[in-house]
Amino acid sequence: MENILEYRDRVGVPDAILLEDFESEDAFIENLRKRYCENQIYTYIGQVLVSVNPYKDLQIYTDLNFEKYRKVNFYEVPPHVYAIAENAYRSMTAENCDHCILISGESGSGKTEASKHVLHFIAASSEHHRDIDTIRDKLVNSNPLLEAFGNAKTNRNDNSSRFGKYMDIECDFKGDPIGGHVINYLLEKSRVIHQEKGERNFHIFYQLLAGLENDILSKLSLKRDPNNYHYLRQGFKW
Ligand SMILES: Nc1ncnc2c1ncn2[C@@H]1O[C@H](COP(=O)(O)OP(=O)(O)OP(=O)(O)O)[C@@H](O)[C@H]1O
């Protein structure tokens with residue numbers, strides 16, 4: 001049977017500060033590689049969570065996992081974005097002060113997905129009654145709308161956010177959401193008139209056009225060329 005040292009050698013350590021050579025970048029990367037090969041995409045550096053995009057469904061955002069991380073201390077469970085959300089949420093309710101989760105990384109690294117998991121975790125952690133459910137639904141369901149107008153296919157990511165997002169969830173003293181704001185920064189407006197080769201305009205243009213396509217095209221007596229959206233955009237501008 002595999003002993004703890006053999007296991008550690010195979011899967012790596014869950015927190016980079018446990019590495020013997022914790023100042024070495026190579027040791028840090030090697031630890032991430034080992035963990036990634038074992039489908040362990042999350043690793044801590046103290047309170048910072050490092051996430052490696054698996055580009056596949058690892059079944060780690062299930063209801064079972066949600067329960068596993070709920071009301072449990074950060075260090076009692078394996079690294080996970082739910083643990084970060086739980087820690088921020090519990091600290092907020094216990095200390096009665098604001099908390100912030102900063103998500104950063106290069107394009108396609110998984111920031112948008114991580115922010116959705118945080119949002120869902122916080123939404124599911126609060127109580128259920130009609131007013132709260134309405135606010136929670138608005139917060140969660142605003143995402144597809146924002147993505148329709150602010151996300152586009154790029155050469156690096158089929159669903160790339162072309163704007164920076166600051167999402168603010170306001171909670172009452174019990175920790176139930178009572179409102180929120182989404183502030184966007186630096187929307188890449190130039191994408192509306194120009195896209196690099198292989199990239200696309202914001203999703204909404206295709207979704208909207210797909211919905212209106214038959215109607216508009218029949219009025220304009222045009223046929224759709226699947227490889228050319230040019231006349232469809234002209235139709236939309238009118
Ligand atoms: N935790 C995850 N598990 C499985 N797949 C993931 C995960 N995170 C991201 N992905 C996949 O990677 C793709 C890119 O992720 P995401 O859009 O979150 O990147 P991003 O960092 O927000 O990129 P950008 O800066 O371009 O907006 C997702 O569409 C999804 O297919």
Side-chain angles (χ1 to χ4, degrees), residues 11-12 14-16 29 31-45 48-70 74 77-89 100-125 139-169 182-192 194-207:
V11 183
D15 192 327
I29 300 291
N31 188 52
L32 288 186
R33 192 192 63 77
K34 279 183 189 167
R35 294 180 63 71
Y36 180 77
C37 292
E38 296 293 325
N39 286 336
Q40 303 291 322
I41 60 165
Y42 293 121
T43 307
Y44 289 131
I45 316 174
V48 175
L49 181 74
V50 179
S51 165
V52 181
N53 189 346
Y55 277 103
K56 61 181 174 191
D57 184 5
L58 295 177
Q59 292 291 310
I60 53 174
Y61 310 105
T62 56
D63 289 350
L64 208 67
N65 252 6
F66 169 74
E67 288 305 330
K68 178 173 162 187
Y69 283 87
R70 236 185 125 203
F74 197 72
V77 274
H80 198 291
V81 69
Y82 283 173
I84 298 287
E86 167 69 21
N87 192 38
Y89 184 69
C100 180
I101 298 174
L102 178 70
I103 305 175
S104 79
E106 65 176 57
S107 179
S109 54
K111 302 179 294 293
T112 309
E113 294 299 315
S115 71
K116 285 188 233 172
H117 293 309
V118 169
L119 189 63
H120 278 106
F121 186 90
I122 291 175
S125 295
L139 286 170
V140 172
N141 295 335
S142 63
N143 251 326
L145 193 65
L146 289 168
E147 289 192 6
F149 283 93
N151 286 29
K153 177 190 182 301
T154 65
N155 289 322
R156 302 186 67 172
N157 182 358
D158 286 354
N159 184 33
S160 185
S161 310
R162 307 316 298 162
F163 63 109
K165 195 181 340 176
Y166 175 84
M167 183 173 275
D168 168 81
I169 307 172
V182 180
I183 303 171
N184 73 72
Y185 300 94
L186 301 171
L187 175 68
E188 189 194 37
K189 294 178 194 154
S190 59
R191 182 168 291 271
V192 173
H194 175 77
Q195 305 95 39
E196 293 303 326
K197 196 166 183 294
E199 302 202 344
R200 303 214 318 175
N201 211 324
F202 294 104
H203 297 325
I204 188 68
F205 292 109
Y206 306 95
Q207 289 159 356

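Ligands are counted one by one from 1 in listed order, and the atoms in each one are counted from 1 as well. Excluded from the calculations below are hydrogen atoms, water molecules and symmetry mates; all remaining heavy atoms, backbone and side chain alike, are included.
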Can a non-hydrogen atom of [X] be found less than 4.0 Å from any atom of ligand 1?
{"X": "P54", "answer": "yes"}
{"X": "K116", "answer": "no"}
{"X": "N53", "answer": "yes"}

Enumerated ligand 1 atoms positioned under 4.0 Å from heavy atoms of N159
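Ligand 1 atoms under the 4.0 Å threshold to N159: 17 (O).
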
In terms of atom number and element, which parts of ligand 1 are under 4.0 angstrom from non-hydrogen atoms of E106?
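Per the distance check, 21 (O).
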
Distance-only N or O hit between ligand 1 and G108, under 3.5 Å:
yes

Protein contact to [atom] [nearest heavy atom, distance to 0.1 Å]:
{"atom": "atom 15 (O) of ligand 1", "value": "G110 CA, 3.6 Å"}
{"atom": "atom 13 (C) of ligand 1", "value": "Y55 CE2, 3.8 Å"}
{"atom": "atom 30 (C) of ligand 1", "value": "E113 CG, 4.2 Å"}
{"atom": "atom 22 (O) of ligand 1", "value": "T112 OG1, 2.5 Å"}
{"atom": "atom 4 (C) of ligand 1", "value": "K56 O, 3.2 Å"}
{"atom": "atom 25 (O) of ligand 1", "value": "K111 NZ, 2.7 Å"}
{"atom": "atom 17 (O) of ligand 1", "value": "N157 ND2, 3.0 Å"}

Under 3.5 Å, is there a donor-acceptor pair linking the side chains of T43 and R35?
yes

Any idea how H80 and Y61 line up, ring-wise: parallel (<30°), tilted (30 to 60°), or perpendicular (>60°)?
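Judged by the thresholds at 30° and 60°, the geometry between H80 and Y61 is perpendicular.
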
Closest to atom 26 (O) of ligand 1 among S51, S160, S161 (heavy-atom distance):
S160

Where does Y61 meet ligand 1, judged by heavy-atom distances below 4.0 Å: at the side chain, the backbone, both, or neither?
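Contact part for Y61 vs ligand 1: side chain (C-beta onward).
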
Can you find a pair of side-chain heavy atoms, one from P144 and one from H203, that are under 4.5 Å apart?
no

Could you check if a side-chain atom of V192 sits within less than 4.5 angstrom of a side-chain atom of F205, using non-hydrogen atoms only?
yes

Please report whether the ring centroid of Y82 lies less than 6.0 Å from that of H120.
no

Under 6.0 Å between the ring centres of F74 and Y44?
yes

What's the spacing between L146 CG and I204 CD1 if we round to 0.5 Å?
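Separation between the atoms: 11.0 Å.
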
Measure the NZ-NZ distance between K111 and K165 for me, rounded to the nearest 0.5 Å.
11.0 Å

Is a salt bridge present between R162 and E199, judged by a nitrogen-to-oxygen distance below 4.0 Å?
no

Go through L49 and V81 one step at a time and tell me if the side-chain contact (heavy atoms from CB on, under 4.5 Å) criterion holds.
CA-CA 7 Å; L49 181 74; V81 69; 4.1 Å; yes

